[in-house]
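Each chain gets a letter, A, B and so on, in the order the sequences are listed, and its residues count up from 1. Just so it is clear, the values below take in all heavy atoms, side chains as well, and ignore hydrogens, waters and symmetry mates.
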Number of protein chains: 2
Amino acid sequence: MVEKRSKSERTRERILDAAAVVFGGQGYLARLVDIAEPAGIQTGSLYYHFKNRDDLVREVLRLGVDTTWAHVRSEVDALPSSASSIDRLRAAIRAHAMAVLVVSPYAWARARIAGQAPAAIGAEHRAHHARYGDYIGSLVHDAHSDGHLRAEVDPYVATMLVLGALSWTTEWFDANGTIPAGDVADHAVRMTLDGIAQPPA
Amino acid sequence: MVEKRSKSERTRERILDAAAVVFGGQGYLARLVDIAEPAGIQTGSLYYHFKNRDDLVREVLRLGVDTTWAHVRSEVDALPSSASSIDRLRAAIRAHAMAVLVVSPYAWARARIAGQAPAAIGAEHRAHHARYGDYIGSLVHDAHSDGHLRAEVDPYVATMLVLGALSWTTEWFDANGTIPAGDVADHAVRMTLDGIAQPPA
DNA sequence: GTCTATATGACGATAGAC
DNA sequence: GTCTATCGTCATATAGAC
């Protein structure tokens, strides 16, 4: 029992987990009591751990970026050094899809409430998120420079369209449905890189 | 001045326009006073035109589907009868992109609050939206049947990924920026059908 | 049709007991 | 650390004036 996280830290984590699910489902204006209840505490007790609603939202948004980024980077870095820039991009797209679909409820919540937060929080978050966007953008850029992408592709627009297709899966993907998340991720990779059209023979 | 819409109809339209913007920005739980104000009326006056918040939400969701669908269908139907199934799909993707980007704030609002509405409204809306999804799905299916798409493409997943990439443009596209909406739409069509990868020579 | 005024009830946040 | 109690604020919806 050595090294166990403090009671406070464990409660804080339960609150954040609940907040990710509830904010993701109901939006930024979700009621705090709906977060406190699944976390197993009373509404008033939230204020021992967080200053107010926006403090809680800020943390969920930050974790949304960080958990996704950590997952994507670990997958990309796990590739052998012989991997090409297009291999790395492929791995990143798949990892991002999996992060949003199944790995992190924070990524899911982030996708759905980032645009709803008040201006101050939104700006702070966008600055943080942009650093991750730059990371993905650099992978697209490298593949572009190496001639793996069509010359006329605009790396910025392509990056945004790819991340958009993946973020949007939160709106229709049913985790309890019949389509495995891995299939969606594979489809996203394939569609992004090769398109869905049958190439001329 | 003949045939002018009644005062009531014009006010109702101002309310709906404001509701689309506010619900789209703040989410389903946005305050009604924030809708009444830009519509130029008092909060209480909303209730002459709509039964309650959910009645208003329901109408915004419906218009989100209908305005997009009408725009897409008119573009597809404008094609010459000699157009192939892949031509029709291409036109639909482009028209959907333009509807979301510049034609209809309702399409934007719909995308962002559909997942937040209470179960009853959500179910009703999903049934309505599914009919539009079926329309797009039929275009994908026809192209698939005609051998224009790779055999292994799942028409449903592909449809959702395409619509997602387009819907998400609302999160990053800047109508006052340097990138024309038409360019984004063209990029989306190209990426969807042909991918961004350079095909093997 | 739209306004003002209001009842009713919720929610966020604080203070103090334990 | 968490609870209970409570204050102040705000939003929804209604009623009746104009």
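Contacts of B/Thr11 with the nucleic acid, taken as non-hydrogen atoms under 4.0 Å apart, involve only primed sugar atoms and P, OP1 or OP2.
Figure legend: cation-pi geometry between A/Arg53 and A/Tyr28, with NZ or CZ positioned under 6.0 Å from the six-membered ring centre and within 45° of its axis.
Straight-line distance from the CD atom of B/Glu13 to the P atom of C/dG1: 15 Å, rounded to whole Å. The separation between A/Asn52 atom CG and C/dC11 atom P is 18 Å, rounded to whole Å. The nearest whole Å value for the distance from the CZ atom in A/Phe50 to the C1' atom in D/dT2 is 15 Å. With rounding to whole Å, B/Arg31 atom CZ is found 22 Å from C/dG9 atom P. One can place CG of A/Leu56 at 10 Å from P of C/dA13, the figure rounded to the nearest angstrom. The distance between atom CD1 of A/Ile41 and atom P of C/dA13, rounded to the nearest whole Å, is 14 Å. Rounding to whole angstrom units, CG of residue A/Leu46 and P of D/dT4 are separated by 14 Å. Counting to the nearest Å, the C1' atom of C/dG1 and the CZ atom of B/Arg14 are 11 Å from each other.
Note: A/Tyr156 and B/Trp172 have perpendicular aromatic rings, judged against thresholds of 30 and 60 degrees for the angle between ring planes.
Along DNA chain D, the nucleotide closest to B/Lys51 and the one closest to A/Ser6 are compared, and the more 5′ of them pairs with A/Ser6.
A close approach under 4.0 Å does not occur between any side-chain nitrogen or oxygen of B/Tyr48 and OP1 or OP2 of C/dT2. The phosphate of D/dT12 (OP1 or OP2) has a side-chain N or O of B/Arg53 nearer than 4.0 angstrom. In terms of phosphate contacts, B/Tyr47 brings a side-chain nitrogen or oxygen within less than 4.0 Å of OP1 or OP2 of D/dA13. Within the 4.0 Å cut-off from OP1 or OP2 of D/dC3, at least one side-chain nitrogen or oxygen of A/Ser45 is found.
Counting heavy atoms from C-beta outward, A/Asp183 and B/Val157 have side chains that stay 4.5 Å or more apart.
A salt bridge between A/Arg90 and A/Asp87 is present, with a side-chain N of the basic residue lying under 4.0 Å from a carboxylate O of the acidic one.
Listed candidates were D/dA13, D/dT2, C/dA13. Nearest to the side chain of A/Leu32 is C/dA13. Closest to the side chain of B/Gln42, out of C/dT2, C/dT4, D/dA11, is C/dT4.
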Q: Walk me through it: do B/Thr192 and A/Leu161 pass the test side chain to side chain contact (heavy atoms under 4.5 Å, CB included)?
A: CA-CA 10 Å; B/Thr192 303; A/Leu161 288 172; over 6 Å; no
